[in-house]
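As the structure is a prediction and not an experimental result, all values here were calculated from the model. Just so it is clear: chains get the letters A, B, ... in the order the sequence lines come, proteins before strands, and each one is counted from 1.
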Amino acid sequence: GENVGLHLPTLSVQEGDNSIINCAYSNSASDYFIWYKQESGKGPQFIIDIRSNMDKRQGQRVTVLLNKTVKHLSLQIAATQPGDSAVYFCAENYNNDMRFGAGTRLTVKP
Amino acid sequence: KAGVTQTPRYLIKTRGQQVTLSCSPISGHRSVSWYQQTPGQGLQFLFEYFSETQRNKGNFPGRFSGRQFSNSRSEMNVSTLELGDSALYLCASSGDYFSDTQYFGPGTRLTVL
């Protein structure tokens, strides 16, 4: 079936380094994408979103890149901090059909 | 604004029982969605309510149902519980459109014994 997938289930980075979390989506018609962060014992927390008419969007320490040609979404976290350790989900939406990826666990080493 | 709240936070039931979970959306939000999260399946969409009507529905059996009240608060019910229903049930609210940014609650951890 059509599912949003993640290239890497786990990612370990050194504190201060930049992190890149990748996501492949399957529906070329999806027009809205979101990245969520989920810490242990908590619900997903909105990080940043992007609509399909954009290629890049920046937030505070985070950047989302959208490559519609290869149906790829990435989340870049600058100067990764221990508090960034969590599971990160991507989600795609088309016509009110929201699909979530399995998640990537980011671990930040001090 | 207060965030999305869910009650109870933890619940233990036995097979065959039924359960009702509650969600209060962010003030002003009219769309409430429910999700099931398990280690094996990840986050899966159950259904979405808007103005007391189910507007979108995922691929879950009829044992899973919900409703929304005039104040946008929502409840989710699972009847005839099965072991496989053990999961974290998350509620999310958004503005008028399902595709708007969804803000999640902390979830209800349901364990079925």
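Taking a 6.0 Å sphere around CG of A:Asn53, one finds it holds more than 12 heavy atoms contributed by other residues, nucleotides or ligands. Other residues, nucleotides and ligands contribute only 12 or fewer heavy atoms inside 6.0 Å of the NZ atom of A:Lys56. Within a 6.0 Å radius of CD in A:Gln60, other residues, nucleotides and ligands contribute 12 heavy atoms or fewer. More than 12 heavy atoms of other shown residues, nucleotides or ligands fall within 6.0 angstrom of atom CZ in B:Arg63.
Using a 4.5 Å cut-off between heavy atoms, A:Gln45 does not touch chain B at all.
Applying the 4.5 Å side-chain rule to ILVMFWY residues, one finds B:Leu113 in the same cluster as B:Ile12.
Checked against a 6.0 Å centroid threshold, the rings of A:Phe100 and B:Phe45 do not count as neighbours.
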side-chain contact (heavy atoms from CB on, under 4.5 Å) between A:Met98 and B:Glu48, intermediate numbers included: CA-CA 11 Å; A:Met98 185 79 76; B:Glu48 182 227 1; over 6 Å; no

side-chain contact (heavy atoms from CB on, under 4.5 Å) between B:Leu88 and A:Gln38, worked out: CA-CA 13 Å; B:Leu88 180 67; A:Gln38 187 172 23; 4.0 Å; yes

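With chain A as partner, the option from B:Gln37, B:Arg109, B:Gln6 having the largest number of non-hydrogen pairs under 4.5 angstrom is B:Gln37.
The closest side-chain donor-acceptor pair between A:Tyr36 and B:Thr101, if any, does not fall under 3.5 angstrom.
Hydrophobic clustering places B:Leu83 together with B:Leu81 (ILVMFWY residues linked when any side-chain heavy atoms are closer than 4.5 Å, directly or through intermediates).
Closest approach of A:Gly43 and B:Leu90 over heavy atoms only: CA-CD2, 3.8 Å.
Going from atom CD of B:Gln102 over to atom CG of A:Asn93 covers 8.0 Å, rounded to the nearest 0.5 Å.
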